2 protein chains.
Amino acid sequence: MRSATLAAMTPERPAPLAKQGRGPSMHDVAARAGVSHQTVSRVLNDFPGIRPETRERVLTAIRELGYRRNMAARALATGRSEVIGVIMPEVPHFGPTSTLYAIEHAAKQVGFKPLITTASWDSESMGEALDFLLGRAVDALVVMAQHPDVLAAVDAITDVPVLFVLTGNSHGARSVAVDQVKGTRLALDHLYSLGHRRFQHVTGIAGLTEAQLRRDTFLAFLDEHGLERLPVLEGDWSADAGYRAGLQVADGVTALFVANDPMAIGAIHALEERGLSVPRDVSVVGFDDVPESAYAHPGLTTVHQDFTEVGLRAVSLVFAAINGKEPDVGEAVEPWLVVRDSTGPVRS
Amino acid sequence: MRSATLAAMTPERPAPLAKQGRGPSMHDVAARAGVSHQTVSRVLNDFPGIRPETRERVLTAIRELGYRRNMAARALATGRSEVIGVIMPEVPHFGPTSTLYAIEHAAKQVGFKPLITTASWDSESMGEALDFLLGRAVDALVVMAQHPDVLAAVDAITDVPVLFVLTGNSHGARSVAVDQVKGTRLALDHLYSLGHRRFQHVTGIAGLTEAQLRRDTFLAFLDEHGLERLPVLEGDWSADAGYRAGLQVADGVTALFVANDPMAIGAIHALEERGLSVPRDVSVVGFDDVPESAYAHPGLTTVHQDFTEVGLRAVSLVFAAINGKEPDVGEAVEPWLVVRDSTGPVRS
DNA sequence: ATCCGCCATGTTGACGATAACATGTTGACG
DNA sequence: CGTCAACATGTTATCGTCAACATGGCGGAT
């Protein structure tokens with residue numbers, strides 16, 4: 001089994017499942033406790049008006065039988081599943097991943113679990129993901145929308161509450177986002193205030209909201225301050241792309257704004273290879289504040305995005321929506337600048 | 001909503017759900033197509049023996065109504081859910097996260113999706129996770145077992161196939177693991193062959209299988225070669241811990257084996273702060289080969305773990321088990337050494 | 001022509017839970 | 001001492017699907 005392959009594993013129709021005996025049901029528990037199945041249901045759902053003794057008897061029977069509620073049946077009867085669907089990008093970047101963990105953690109607290117599926121932003125892929133999750137009767141949907149196109153694809157969904165976790169500006173009431181413009185300006189203001197006047201930018205994947213906003217804000221900033229627009233270097237979020245971009249940084253540039261930390265680390269590596277010292281010759285600012293950035297060489301100045309907060313708010317909003325409450329809409333999540341050693345005053 | 005809180009969100013009993021009308025069912029489709037609901041079911045499940053014209057009529061009705069299969073009902077009737085439960089560590093480390101993405105990707109290919117829940121390794125937390133997932137009628141369980149204790153907790157489960165994704169040695173037939181001993185020896189042999197004789201080790205979280213194996217193998221290696229056992233430095237996988245450990249590396253040590261890359265990066269930072277150059281004074285080897293390691297300063301020599309392969313094999317084995325086939329058990333996944341610039345010959 | 005059997009489809013009964021309604025048993029009160 | 005409300009519990013219908021069996025029509029073999 002060197003390098004497992006799934007090719008041979010895809011049958012035309014699902015193979016005849018090895019039938020496994022089902023576990024005990026409410027009826028079994030009821031029989032054992034000498035009550036009706038409905039009483040068992042009531043105990044399970046904490047209904048009032050059960051004699052303590054009866055409840056105890058039921059609970060004992062449950063324990064003895066190792067009974068476990070069948071959520072499929074419950075979902076069928078109630079229409080709710082206590083599962084929230086999460087649609088993520090297919091590539092494991094720091095932001096979505098951190099947010100996912102935060103969502104999982106927060107959802108657990110309120111009795112929900114995430115059912116994950118990944119999708120790229122083309123509508124076919126999105127459609128499949130939606131079909132799958134909605135078929136699963138998820139109670140709500142959290143969509144990590146990297147690309148403007150997904151908004152339209154998902155907006156048609158009315159079956160369940162939908163929340164966008166954007167890495168950009170907000171979309172309607174039901175969305176959570178880190179303020180990208182603010183974050184970008186934090187970085188650029190910092191560089192500007194250190195005296196830098198020749199800027200260059202390494203972008204994230206073209207077209208993604210997040211990357212686009214950082215890029216647009218960068219260019220706007222240049223214009224506002226009457227600075228020269230040097231060519232923007234196209235990246236793809238990877239350290240590798242950062243490295244390649246770093247090799248192309250124009251001569252005379254003293255301030256490099258990189259759209260995320262891994263690329264910044266790659267870029268710094270390239271700059272040093274070219275004999276340019278950071279921050280003596282070039283100051284570099286990243287974005288994200290991944291945990292390793294503090295120990296990069298030199299320690300990376302970067303914009304911190306609070307993904308934990310994003311996940312928490314996402315669950316909070318989704319939960320409100322599920323319960324039909326008005327969402328407690330907040331402003332965008334505020335990023336902040338973490339100044340370390342990769343930025344310094346421009347050399348005179 | 002500064003810093004969202006979930007405290008106020010946990011009602012005693014689930015709030016009365018805002019009732020949302022259910023979508024169309026098979027009956028609706030059947031009525032529209034002028035057939036019986038069973039025929040609809042047959043079309044949906046690709047049964048043979050449907051007149052093409054009938055099938056077409058059904059498909060049209062489905063499209064027109066925007067019908068979507070109710071998987072809860074299907075799961076109830078069939079006993080299978082096409083969902084595999086995944087139990088992960090609560091902390092977002094590189095290994096489990098990468099494996100998760102690989103699992104999601106591979107599972108999707110064979111029509112499954114992962115239902116994720118996190119758990120620490122105490123049996124209470126594990127028990128909750130298991131209850132949740134088994135109650136969901138997951139078709140199989142993938143458990144990322146960081147700690148020996150979880151094996152026992154999960155071994156009792158017989159309802160569904162269980163697969164362990166270990167970050168250590170294997171456990172019974174149904175497990176996938178990267179060969180930790182091999183990986184560790186790769187790193188140590190490399191250092192030894194460069195002439196190093198004074199070694200020190202920074203560990204992962206004490207007790208975790210992975211950390212324990214690397215540590216044990218390290219100590220065994222020392223003994224085999226008659227090398228001095230300097231104190232082992234306790235880490236917790238974080239770059240931060242690596243940094244702190246780096247500050248405590250003993251004088252005269254020329255070879256530092258660090259249990260993962262982030263800690264290695266932190267340790268290097270500390271060493272440089274102490275005026276020790278890597279690799280001139282100290283050679284450092286990490287573990288994992290996170291994408292940024294190539295661009296660390298200096299480029300980090302490390303042991304590559306192929307988590308994609310782990311995820312793929314996990315799904316492959318799980319899928320086989322679900323279908324009652326004998327698993328195609330393979331050996332442990334082989335790690336390999338990636339030599340970069342953080343290691344060099346010992347100075348004479 | 002008759003019967004058999006296959007093909008395409010319809011009918012009925014689980015699956016395991018909840019919801020709505022029905023029932024029997026208390027105890028308080030006039 | 002009878003009545004009624006409140007309480008504790010039981011009974012029946014329902015959710016949407018699949019599985020098993022039933023049916024009707026049509027063609028070929030006898």
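Just so you know, these numbers come straight off a predicted model, no measurement behind them.
Between the base of D:dG10 and the side chain of A:R42 there is a donor-acceptor pair shorter than 3.5 Å.
Nearest-nucleotide mapping onto DNA chain D: of A:P52 and A:H37, the residue sitting toward the 5' end is A:P52. Each of B:A72 and B:Q38 has a nearest nucleotide on DNA chain D; the 5'-most of these lies closest to B:A72.
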Quick one: the dot-bracket string of DNA chain C, using Watson-Crick and G-U wobble pairs with both distances under 3.5 Å, [ ] for crossing pairs and | for bases paired to another strand.
||||||||||||||||||||||||||||||

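Distance from the side chain of A:T39 is smallest for D:dG10 among the nucleotides D:dG10, C:dG16, D:dG16. Taking only side-chain atoms of A:T78, from C-beta outward, the nucleotide of D:dA19, C:dT18, C:dG10 with the closest atom is C:dT18. The side chain of A:N70 has C:dG16 as its nearest neighbour among D:dT17, C:dG16, D:dA19.
One interatomic measurement links the two molecules: CG of A:L134 to P of D:dG16, which rounds to 16 Å at whole-angstrom precision. If you measure from atom CE of A:M26 to atom P of C:dA17, you get 5 Å, rounded to the nearest angstrom. In this structure, CZ of B:F47 is placed 15 Å from C1' of C:dG10, rounded to the nearest angstrom. In this structure, the CG atom of A:L76 is 12 Å from the P atom of D:dC18, given to the nearest Å. Distance, B:N45 CG to D:dA20 P: 13 Å, rounded to whole Å. One atom, CZ of A:R80, and another, P of C:dA19, lie 10 Å apart when rounded to the nearest Å.
For B:T78 (side chain) and B:R74 (main-chain N/O), a donor-acceptor pair under 3.5 Å exists by modelled atom type.
Residue pairs satisfying the ring-ring contact (aromatic ring centres under 6.0 Å, His included) criterion with at least one member in residues 107-126 of chain A, sequence neighbours excluded, are listed as follows: A:F112-A:F319, A:W121-A:H147.
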Passes side-chain hydrogen bond (donor to acceptor under 3.5 Å, both in side chains), B:T118 versus A:Y101? Steps please.
CA-CA 9 Å; B:T118 61; A:Y101 273 89; over 6 Å; no

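For D:dC18, one of the phosphate oxygens OP1 or OP2 lies less than 4.0 angstrom from a side-chain nitrogen or oxygen of B:R69. For the OP1/OP2 pair of C:dA8 and a distance below 4.0 Å, the side-chain nitrogens and oxygens of B:R51 include no atom meeting the criterion. Between A:S25 and C:dG16, a side-chain N or O to OP1/OP2 separation shorter than 4.0 Å is absent.
A:L133 is not listed as a side-chain neighbour of A:V83, based on a closest heavy-atom distance of 4.5 Å or more.
The pair A:E104-A:K113 fails the salt-bridge criterion, with no side-chain N (NZ, NE, NH1 or NH2) lying under 4.0 Å from an Asp/Glu carboxylate O. Contact check on B:D155 versus B:R174 returns no salt bridge, with no Lys/Arg side-chain nitrogen under 4.0 Å from an Asp/Glu carboxylate oxygen. Under the 4.0 Å criterion applied to side-chain N and carboxylate O atoms, A:D131 and A:R136 are not assigned as salt-bridge partners.
Checked against A:M26 for a side-chain contact (heavy atoms from CB on, under 4.5 Å), the options A:T39, A:V58, A:V40 give a single hit: A:V40. The side-chain contact (heavy atoms from CB on, under 4.5 Å) test with B:V318 singles out one residue from B:V110, B:L163, B:L141, B:V162, and that residue is B:L163.
A:H27 comes within 4.0 angstrom of nothing in the nucleic acid, heavy atoms only. Within the 4.0 angstrom heavy-atom criterion, only backbone atoms of the sugar-phosphate kind lie near A:I50; the bases stay farther away.
Remark: the A:S25 side chain and the A:Y67 side chain contain no N/O donor-acceptor pair separated by less than 3.5 Å.
Residues from residues 53-62 of chain B that place a heavy atom under 4.0 Å from any atom of DNA chain D: there are none.
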